[in-house]
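Down below is the structure, laid out as structure tokens.
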Amino acid sequence: MKIVETVKQIREEVARARKEGKKVGFVPTMGYLHEGHASLIQRAKAENEFVVVSIFVNPTQFGVGEDFETYPRDLERDSEIAEQAGANIIFHPTVGEMYPLGYRTYVDVEGITSKLCGASRPGHFRGVTTIVSKLFHMVKADRAYFGQKDAQQVAVIQQMVRDLNMDIEIVPCPIVREADGLAMSSRNTYLNPSERQAALILSQSLFEAQGMIDHGEHDAGKLGFWIKENIQTEPLAKIDYVEIVDAVTLEEIEEIKGDVLIALAVRIGKTRLIDNIRLEV
Ligand code: PAF
């Protein structure tokens with residue numbers, strides 16, 4: 001497996017694969033890969049002959065005071081995981097390669113980017129859609145794979161692809177969880193042992209909420225209230241949001257019916273974690 005750092009190199013490598021008649025699958029990441037990323041790469045490999053993984057901690061999607069500088073990075077370990085999962089090439093550009101001096105162009109999806117995570121992370125999705133569209137132009141993949149843990153990110157990217165007529169298929173992939181239910185995330189490494197235990201309140205609340213829906217609770221207001229109360233029983237947890245929304249538009253709903261997303265963002269100590277479940281009711 002190769003690692004390349006420039007736009008010219010990744011373009012040449014993908015062009016060669018295409019010339020050989022290979023379909024190209026793309027997994028954009030910020031690195032510090034875990035089993036969740038590995039599952040995306042495996043899926044990409046199962047559906048395409050050539051798989052590109054990008055590893056780039058994108059400064060434009062981090063706000064002031066967020067963890068851009070401290071975000072975990074380990075290219076050697078990432079290369080092993082990516083190669084084992086089936087990647088053909090890693091694209092690992094520098095910040096200067098992606099945002100050269102004088103850079104001025106941004107992609108901004110309106111509306112759905114200002115709720116949920118967008119409400120407490122202004123500018124975050126502008127950074128995500130900008131880097132993802134740049135990467136799509138560079139890699140020119142047939143399909144791109146994203147984890148459903150970042151449900152809003154998936155919805156925003158799907159909206160961007162529709163609106164800008166991008167010729168790429170977005171493939172959302174299921175959340176991968178630790179054995180005890182915690183959704184896998186590179187940021188889980190920030191948690192100390194008691195925070196790691198406290199973090200289970202997210203998945204536990206979602207699973208219980210799912211059980212309540214299965215037993216006939218369809219009032220989104222009541223369910224949202226119950227989830228908040230339940231999270232507040234954990235002393236280390238501080239709620240950023242609990243939202244029950246339409247999974248495509250991210251509009252708040254009153255009745256749990258149709259394609260529903262229950263999404264949470266909760267601070268455990270200093271670490272902000274997100275989790276969600278998506279259900280067809
Ligand atoms: O989900 C992520 O890791 C990032 O937001 C992405 C899509 C790689 C863009 O930087």
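We count ligands from 1, going down the list as the structure has it; atoms in each ligand are counted the same way.
- In summary, the atoms of ligand 1 found under 4.0 Å from a heavy atom of Gln153, numbered by their order in the structure, are 1 (O), 2 (C), 4 (C), 5 (O), 7 (C).
- Between Asp78 and Arg73 there is no salt bridge, since none of the side-chain N atoms of the basic residue sits less than 4.0 Å from a carboxylate O of the acidic one.
- Listed by number with element, the atoms of ligand 1 under 4.0 angstrom from any heavy atom of Thr29 are 8 (C).
- Residue pairs meeting the salt bridge (Lys or Arg N to Asp or Glu O under 4.0 Å) criterion with at least one member in residues 126-149, sequence neighbours excluded: Arg18-Asp142, Lys23-Asp142, Arg143-Glu169.
- Ion pairing between a basic and an acidic side chain is recognised when a charged N comes within 4.0 Å of a carboxylate O; Glu66 and Arg121 show such pairing.
- Near Ile131, with a cut-off below 4.0 Å to any heavy atom, the atoms of ligand 1 are 9 (C), 10 (O).
- The closest heavy-atom contact to atom 10 (O) of ligand 1, among the options His37, Gln61, Met30, comes from Gln61.
- The stretch residues 214-243 participates, sequence neighbours left out, in no ring pair (Phe, Tyr, Trp, His ring centres under 6.0 Å) pair at all.
- Taking a cutoff of 4.0 Å between a charged side-chain nitrogen and a carboxylate oxygen, Arg196 and Asp180 qualify as a salt bridge.
- Ligand 1 has no nitrogen or oxygen under 3.5 angstrom from a nitrogen or oxygen of Asn58.
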